Amino acid sequence: MNLHEYQSKGRFARFGIPVILGKVATSPQEAYEIARELGGTVVVKSQVLTGGRGKAGGVKLARTTEEAEQVANQILGMSIKGLPVRKVLIDPAANIGTEIYLGVTNDRAAGKPVMMASSEGGVEIEQVAHDKPEAIIREHIDPFLGLRDYQARNLASGINLPREHWRAFTKIAHGLYQTYLNTDAVLAEINPLVITREGQLIALDGKISIDDNALFRQPELAEMRDIEAEPKEVVHARAAGLSYVKLDGQIGCMVNGAGLAMTTMDMIKLYGGDEVGPANFLDIGGGAQADKVAVALRIILSDPGVRSVLFNIFGGITRCDEVARGILQALGEVSTNVPMVIRLNGTNAAEGRAIIDSANIPNLTSAETLTEAAQKAVDAAKQAMRAN
Amino acid sequence: MNLHEYQSKGRFARFGIPVILGKVATSPQEAYEIARELGGTVVVKSQVLTGGRGKAGGVKLARTTEEAEQVANQILGMSIKGLPVRKVLIDPAANIGTEIYLGVTNDRAAGKPVMMASSEGGVEIEQVAHDKPEAIIREHIDPFLGLRDYQARNLASGINLPREHWRAFTKIAHGLYQTYLNTDAVLAEINPLVITREGQLIALDGKISIDDNALFRQPELAEMRDIEAEPKEVVHARAAGLSYVKLDGQIGCMVNGAGLAMTTMDMIKLYGGDEVGPANFLDIGGGAQADKVAVALRIILSDPGVRSVLFNIFGGITRCDEVARGILQALGEVSTNVPMVIRLNGTNAAEGRAIIDSANIPNLTSAETLTEAAQKAVDAAKQAMRAN
Amino acid sequence: MAILADKNTRLIVQGITGREGSFHTQQMIEYGAGIVVGGVTPGKGGTEHLGVPVFDTVREAVKETGADASIIFVPAPYGADAILEAVASELPLIVCITEGIPVLDMMRVYNTMKGGPSRLIGPNCPGLITPGEAKVGIIPGYITKPGGIGMVSRSGTLTYEVIWALSELDMGQSTAVGIGGDPINGTNFIDCLRMFQDDEHTEKIVLMGEIGGDEEERAAAFIKEYVTKPVAAYIAGRTAPPGRRMGHAGAIISGGAGTAQGKIDALEEAGVKVAKIPTQIPKLLS
Amino acid sequence: MAILADKNTRLIVQGITGREGSFHTQQMIEYGAGIVVGGVTPGKGGTEHLGVPVFDTVREAVKETGADASIIFVPAPYGADAILEAVASELPLIVCITEGIPVLDMMRVYNTMKGGPSRLIGPNCPGLITPGEAKVGIIPGYITKPGGIGMVSRSGTLTYEVIWALSELDMGQSTAVGIGGDPINGTNFIDCLRMFQDDEHTEKIVLMGEIGGDEEERAAAFIKEYVTKPVAAYIAGRTAPPGRRMGHAGAIISGGAGTAQGKIDALEEAGVKVAKIPTQIPKLLS
């Protein structure tokens, strides 16, 4: 789960990192009020959960309150990478001298957090890694010892930070590590960390991504999720414990297991070619019971672009009879004539098939193998599209 | 540094351990007031920094407020193992069912904390270790992981604690480990941890010893030191950064290094026999400067039992010339005719000897070796004692 | 005797009395008579469940049953503690089925176990099966067949798919291991590839990867250097859009790294035959 | 070549510009020309002190000087961090003179270093000296003499006393090591006994212990099992009263454990000659 810029900087401030942080407006009028309150030049920044806001015109300077209102009006009407802007952050403008980068993330291979610093701030770190890899200095952090002072000095020294800023930099590095640790983050980055012309180090922009698996112990952060910014079906899927990603195709998929779900998508694409593709990624997880399956089916059917549905279940911890019951439950509530293909295998597959067969649903056909199922679903979708 | 019972239980409470904790009285009148406030039967407990208070009659039950006053009067007049009782803790009486022991300390050999539990509570753990070692269950704690739930269960299971108490026991074990960690303790123990007849687990008595080396980062605990309960010279020595232990003999010692200081004591005892012994252990530490040496000498000379003084300095990080200057500085302020023997060796020994020699102090003689120095100091003390 | 587990494995089940624990313990007992020697559920020590004794702690369970392996079915918030409890008893094999353990918890577990005597499979994995001998996990037993193909996979059900396809063609398996889809897990591809290469009963190897991370790339480098047995592979997520997490916490393509194509190229470069769809695997091994 | 350090040792000094650091660096330079190759004081990188370059970080110092050892003279609150910084650069030898590091800090350091490539001597110790070759610490050089006696001690100045007594009688030392008086330290008696036993230049060994803990008892057991060279010992604190801490955090007798007599008995039982006063040591070795 990603936090907005204003939420991230709010967390940074809590862990002692100096930040530039104004207020959030949801209307041009509000933006005007905030700009007046702050006084002077402000920056109006779109709050959407994607990078490249600046390039897209989602971050603008405003020298007067009127200009702030005007710019806010403009940005609040925008969509950036398909995401509508519903909030803008009004920050006082900083007197930027130098921009650096400071971030901490998990290094999977090392099994440790790694802190990264770069003198090339203000640019996406992936870009720096690609263009000028030697500009990124890395320090692996022993999770048992936490960040040590000497490591902050190694980073400061590595990016040739002038010595008068080392103390402030070390404090910020500790604050960032504490933010990472205490928010169960998988990424916490300050970009840019600016040195103002007055010689202060301040976090101008930042990003925090939270480990979804840790949200159970981060109730305050879980509350911060911007549900408004998400499609309804994503919210429902999460509430039911389903992994769901909306895609652009025509075939709704319900699969147990992430690897098998990706494979199912890949096969739909393989047989569907340029004509039809998967409408979603949906993993019902291990051990799903009937209720959860029903929610999943309702989410799939709520997508108006869906022309056929493919169930691919290979039972292990999940039992096929439970899945079958869930499908019937959902179909009892939501009537649909979208063609559906079901393929059950593994734990209690025979029982599941018997349940489906005895229900006698006209638009639901069975398949023996994944290949067969994918082909049938693709054919059904194509037929439905031609019929329209 | 040891905390009093009432201070220890106050810390326990802060970390979520249920405690029985009344109030501290310094007079019988105060004890009366507290007993009235608490109501019912109370326990009047002497607050001295030593074990065996119960056996010495320093812990007594009082059924009425009048009895509380009377008992307090009696205990406040006592000395326990040479320590005068200046405070009593008035606790409400508990309805004790079972007494268990729970403590955490450093295991030097393992380099880890170890938590110990025993069903034999209310007795000193050293006694249990001696009489019934199998009754002590130990869990080494990984300092990086902290106490884990399963370890608390291992302890609970090991001492055959009825299962209905496991949840409460686990919570207390976590509280105790947190107390240990957050107070930089070298020992934190609850003894006894009682199960009341009502089925509650409560800390009835407890002890915390703080790592002296960590007091710099524990200002709140450092403040809790009961200076009133200590001799003045101990307070002065600590303030000057000297290691000082008062002993019963006649020869004041000033040595650099703990091992050499103990050896000096041993040699005084060896040559002094039953007649004379060391008056103190005093290590001026490494790199002591003149000021510190002067404080040390004033502390030694303030002991009226001192009949001779032995300086034994083998310079390393400590420079003999600094020590010599300190001695002269102190002698300039405190005049004394106690005979003194000085032995300087190691770093800047020649310079030190030159400083001493040029000062021409009549009651100060030199020695070449430790043996010679010890013998001279013993002889001088014996002579002084005979002269008196 | 295949790898990791065989008919002599003595297994305890942590979380034996829970819903999942009960169901799969029953399945494991049915598959390999005698393999499950006990279970652990704090507070239920002294009782019996599914015909085996239940203990309060792993320590007691190991002491009383002589177990040398544990399988974990506890809820995610207790997952790390359960693993560490098994580690403290120095069990050689620990399989953690639990899904959803926080990354920070797993970092602590990983760094604690490093260099120690225990091997962890998972978490968030289907465990392993040595067909005809021992099932330590949730891989359905009836789809497997004893044989000479070693399988290692980051996913669960996708593995079943391939096992099933192999068994249908009478191509049996030595051991099939699901190492799990989390970013930090106890055992990786390389560990399993090494064991399969060194195992005399394994003749060929199947590796099932997916997008995200660089495990497959590192596995490819290891194969090139160490593995002489034929290897076939499949990578899931060819069509997954970048930047979106596909179910597994590990399955996310970021900044061009971790793409299916990069992994396929690396594997092919190491001489591995890579299937376009999983059911091609049997053919690639013939 | 004795143990731990010789004339080829390349040493950096952490805290080189401080009062103690400066004084003893000067002494080390005077004793073994070329041994000190650089120093570290954060914020003073790029300067020079006592004729050697100063760096901001250990990493830079090691990179620029090729150092293989570090000695630490920083204040106690920064002691653990300084050790860990040297550990991160994988220096084979780290000597920490700093006194007063909290036990909890040292526990973290100890458990981090376990099994790693660095050896720590100390903290709260006088360091070590290989007479005529290398002084890595604060033991006065002029009291030593090259020879065949290996010395290991928990105390500082007491060791000087014995070195001096030995040198006066022309009984030279291979290496003298002060392991420090703290309850948790990097190197213990057994580590040093093993090195001396295995060192061809060491003929006889002196062990200087003190009350508290059970290091001497464990050393005795090790001597019995492994050491064939003659060993003489001294235990300080025979007359110390129980329950009172005698300066060293480790020097406290509690509940009958850690007494001088217990240690002496254990050592004598292992065939070690134990001196009544430290100056008897030379005679016991003759």
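The structure displayed is predicted, hence computed values, not measured ones. The sequence lines fix the lettering, A, B, ..., with proteins before strands; numbering per chain opens at 1.
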Visitor: Check the orientation of H24(D) and F73(D). Use parallel for under 30°, tilted for 30 to 60°, and perpendicular for over 60°.
Guide: parallel
Visitor: Does the side chain of L370(B) come within less than 4.5 Å of L260(B)'s, by heavy atoms?
Guide: yes
Visitor: Under 4.5 Å heavy-atom distance to chain D, tell me which part of P113(B) shows up: side chain, backbone, both or neither.
Guide: both
Visitor: Go through the atoms of E161(D) and report whether side chain, backbone, both or neither lie under 4.5 Å from a heavy atom of chain B.
Guide: both
Visitor: Report which part of T371(B) has an atom under 4.5 Å of a heavy atom belonging to chain D: side chain, backbone, both, or neither.
Guide: side chain
Visitor: Of the backbone (N, CA, C, O) and the side chain (C-beta and beyond), which part of I143(D) lies under 4.5 Å from a heavy atom of chain B, both, or neither?
Guide: side chain
Visitor: Under the salt bridge (charged side-chain N to carboxylate O under 4.0 Å, His left out) criterion, do K132(B) and E120(B) qualify, and how do the steps go?
Guide: CA-CA 9 Å; K132(B) 206 178 162 188; E120(B) 313 279 309; 2.9 Å; yes
Visitor: Assess, by modelled atom type and distance only, whether the side chains of Y78(D) and D105(D) contain a donor and an acceptor separated by less than 3.5 Å.
Guide: no
Visitor: I need the minimum non-hydrogen distance between I268(B) and C253(B), along with the two atoms involved.
Guide: CD1-SG, 3.4 Å
Visitor: Could you have a look at G209(D), G141(D), G100(D) and say which one has the most heavy-atom pairs with chain B under 4.5 angstrom?
Guide: G100(D)
Visitor: At what distance, to the nearest 0.5 angstrom, does CD1 of I139(D) lie from OG1 of T347(B)?
Guide: 11.0 Å
Visitor: Heavy-atom distance under 4.5 Å to chain D: side chain of A129(B), backbone, both or neither?
Guide: neither
Visitor: When only pairs under 4.5 Å are counted, which of E99(D), E215(D), R218(D) shares the most heavy-atom pairs with chain B?
Guide: R218(D)
Visitor: Non-hydrogen atoms of chain B under 4.5 Å away: do they reach the side chain of S153(D), the backbone, both or neither?
Guide: neither
Visitor: Answer with yes or no whether the side chains of E189(B) and Y101(B) bring together a donor and an acceptor at under 3.5 Å.
Guide: yes
Visitor: Do other residues, nucleotides or ligands put more than 12 heavy atoms under 6.0 Å from H130(B) NE2?
Guide: no
Visitor: Is chain B contacted by the side chain of Y110(D), its backbone, both, or neither, given a heavy-atom distance below 4.5 Å?
Guide: side chain
Visitor: Identify which of N188(D), L104(D), I97(D), I184(D) forms the greatest number of heavy-atom pairs closer than 4.5 Å to chain B.
Guide: L104(D)
Visitor: What option among I101(D), T279(D), I235(D) has the most heavy-atom pairs under 4.5 Å with chain B?
Guide: I101(D)
Visitor: Could you check which of A185(B), G111(B), A110(B) has the highest count of heavy-atom pairs closer than 4.5 Å to chain D?
Guide: G111(B)
Visitor: Would you say that I121(D) contacts L128(D) through its side chain, given a criterion of any heavy-atom pair below 4.5 Å between the two side chains?
Guide: yes
Visitor: Counting only non-hydrogen atoms closer than 4.5 Å, does A109(B) touch chain D with its backbone (N, CA, C, O), its side chain (CB onward), both, or neither?
Guide: both
